[in-house]
S.K.: 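Submitted below is the structure of interest, expressed as structure tokens.
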Amino acid sequence: MRFFFYFQRPMRIFVNDDRHVMAKHAAIYPTQEELEAVQNMVSHTERALKAVSDWLDEQEKANSKPEVTEETEEPATEGENKEGMEDHDNFTMEQKSTELNASRTLRGVMRVGLVAKGLLLKGDLDLELVLLCRDKPTKSLLTKVKDNLAVQFATITKEKYEIDPSEQDAAIIIKNDKEEPLTLKIKLTSPLVREELEKEAAGETVTMSEPADVLDRQKCLTALASLRHAKWFQA
């Protein structure tokens with residue numbers, strides 16, 4: 001007959017292990033102040049981009065405003081506002097589908113990278129957002145969004161942000177004024193970039209005309225890929 005003896009580790013060893021893990025966690029996890037700084041910067045930027053989208057939408061409506069006719073005004077249906085347009089309260093793509101914003105120049109914004117995955121560690125100062133555009137993003141659109149962002153930030157927060165366009169990266173770079181400044185990169189892209197690439201790969205003739213100052217296609221494709229990665233991780 002054989003006897004088996006099971007050795008149970010003393011409770012004190014488990015306690016020491018827990019303390020060691022907690023100490024390691026505290027060493028790599030951002031402090032509450034750092035997390036709040038990240039959340040504030042991202043939130044301010046998302047709100048400012050929503051305001052820029054509204055501003056661009058109003059400009060387009062004013063430029064394409066039809067002649068006024070003496071027709072009886074029909075009451076707005078459910079899901080529409082007083083102007084007969086759809087309500088665009090939710091601009092971030094993780095909150096609502098961008099189908100409602102399909103007609104807008106700027107359709108939505110989404111967190112990607114470490115911010116979207118919730119994997120920020122102490123010392124991670126580079127943040128990323130993707131700004132989805134209706135058409136292929138251009139240098140002129142990049143400049144227009146950058147210029148109006150400064151106006152919108154001033155109405156949203158007292159925080160000071162440095163805003164610089166980066167045509168090479170097809171992005172807008174934002175930095176705050178802290179001692180260790182956070183850097184937020186807003187990447188511009190459009191689904192049309194991938195659609196065109198898929199048509200070319202299928203041997204179809206692409207007759208779509210594009211502006212001369214369209215942003216780098218590979219950068220836009222990379223931004224679309226980061227969107228898919230973020231959605232997969234969240235799912």
S.K.: Same hydrophobic cluster for Leu142 and Val214, using side-chain heavy-atom links shorter than 4.5 Å among ILVMFWY?
M.R.: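 Cluster IDs for Leu142 and Val214 differ.
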S.K.: Do the non-hydrogen side-chain atoms of Arg217 and Glu196 ever get within less than 4.5 Å of each other?
M.R.: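 SC-SC contact between Arg217 and Glu196 confirmed.
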S.K.: Under the rule for side chain to side chain contact (heavy atoms under 4.5 Å, CB included), what residues qualify as partners of Asp147, not counting sequence neighbours?
M.R.: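 For Asp147 the side chain to side chain contact (heavy atoms under 4.5 Å, CB included) partners, ignoring immediate neighbours, are Thr143.
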S.K.: Which pair of non-hydrogen atoms, one from Ala223 and one from Val130, has the smallest distance, and what is that distance?
M.R.: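 For Ala223 versus Val130, the nearest heavy atoms are O-CG2, 3.8 Å.
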S.K.: Kindly give the heavy-atom pair with the smallest separation between Leu224 and Ser190, and that separation in Å.
M.R.: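 Taking every non-hydrogen atom into account, CD1-O, 3.5 Å.
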S.K.: Taking all atoms of both residues into account, what is the closest heavy-atom pair of Arg107 and Pro191, and its distance?
M.R.: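 Scanning both residues completely, I find the closest heavy atoms to be NH1-CG, 3.8 Å.
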S.K.: Which pairs, with at least one residue in residues 154-164 and sequence neighbours excluded, count as a salt bridge (charged side-chain N to carboxylate O under 4.0 Å, His left out)?
M.R.: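 Salt bridge (charged side-chain N to carboxylate O under 4.0 Å, His left out) check on residues 154-164 returns Glu159-Lys178.
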S.K.: Can you name the nearest heavy-atom pair linking Cys220 to Thr189, along with the distance?
M.R.: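 Between these two residues, the closest heavy atoms are O-OG1, 2.8 Å.
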S.K.: Quick one, Lys136 with Leu215, criterion side-chain contact (heavy atoms from CB on, under 4.5 Å). Give me CA distance, side-chain angles, the key distance, then yes/no.
M.R.: CA-CA 8 Å; Lys136 292 181 182 179; Leu215 295 174; over 6 Å; no
S.K.: Test your reading of the model: is there a side-chain donor-acceptor pair from Asp169 to the backbone of Lys219, 3.5 Å cut-off?
M.R.: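 Answer holds: no.
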S.K.: Would you sort out whether Asp57 and Thr105 count as a side-chain contact (heavy atoms from CB on, under 4.5 Å), showing the intermediate values?
M.R.: CA-CA 7 Å; Asp57 194 46; Thr105 300; over 6 Å; no
S.K.: Taking the inter-plane angle between the rings of His44 and Tyr161 on a 0 to 90° scale, is it parallel (under 30°), tilted (30 to 60°) or perpendicular (over 60°)?
M.R.: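 Plane angle over 60°, so perpendicular.
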S.K.: Examine distances only and state if a side-chain atom of Asn176 and a backbone atom of Leu182 form a donor-acceptor pair shorter than 3.5 Å.
M.R.: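 At least one qualifying donor-acceptor pair exists.
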S.K.: Examine Val193 and Leu197 and state if one hydrophobic cluster contains both, with Ile, Leu, Val, Met, Phe, Trp and Tyr joined whenever side-chain heavy atoms are less than 4.5 Å apart.
M.R.: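 Yes, same cluster.
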S.K.: Give me the atom names and distance for the closest heavy-atom approach of Leu106 to Ser53.
M.R.: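 Closest approach of Leu106 to Ser53, heavy atoms only: O-OG, 3.0 Å.
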S.K.: Where do Asn148 and Gln152 land on the side chain to side chain donor-acceptor pair (under 3.5 Å) test, with the steps shown first?
M.R.: CA-CA 6 Å; Asn148 197 252; Gln152 304 303 335; 2.9 Å; yes
S.K.: Can you see whether Glu128 engages Ser226 through a side-chain donor-acceptor pair at a distance of less than 3.5 angstrom?
M.R.: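 Ser226 and Glu128 do not have a side-chain donor-acceptor pair below 3.5 Å.
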S.K.: Apply side chain to side chain contact (heavy atoms under 4.5 Å, CB included) to Lys146 and list each qualifying residue two or more places apart in sequence or on a separate chain.
M.R.: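 Result, side chain to side chain contact (heavy atoms under 4.5 Å, CB included) vs Lys146: Ile163, Pro165, Ile172.
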S.K.: Considering non-hydrogen atoms only, spot the tightest contact between Pro211 and Thr138 and give its length.
M.R.: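 Heavy atoms of Pro211 and Thr138 come nearest at CG-CG2, 3.7 Å.
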S.K.: Is there a path of hydrophobic side-chain contacts, each under 4.5 Å between heavy atoms of I/L/V/M/F/W/Y residues, joining Leu56 to Leu131?
M.R.: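 Hydrophobic grouping puts Leu131 with Leu56.
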S.K.: Going through the checks in order, is the side-chain contact (heavy atoms from CB on, under 4.5 Å) test met by Lys187 and Lys185?
M.R.: CA-CA 6 Å; Lys187 302 177 180 179; Lys185 179 182 287 188; 3.9 Å; yes
S.K.: Are more than 12 heavy atoms, taken from residues, nucleotides or ligands other than Gln168, located less than 6.0 Å from that residue's CD atom?
M.R.: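 It does not: Gln168 CD has 12 such atoms or fewer within range.
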S.K.: Quick one, Lys175 with Leu184, criterion side-chain contact (heavy atoms from CB on, under 4.5 Å). Give me CA distance, side-chain angles, the key distance, then yes/no.
M.R.: CA-CA 6 Å; Lys175 294 182 179 181; Leu184 176 59; over 6 Å; no
S.K.: Do NZ/NE/NH1/NH2 and the carboxylate oxygens of Glu46 and Arg111 come within less than 4.0 Å?
M.R.: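 Looking at Arg111 together with Glu46, the answer is yes, because their closest N to O distance falls below 4.0 Å.
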S.K.: Measure from the side-chain N and O atoms of Glu58 to the backbone N and O of Trp55, and report whether any donor-acceptor pair falls under 3.5 Å.
M.R.: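 Not confirmed, Glu58 side chain does not pair with Trp55 backbone.
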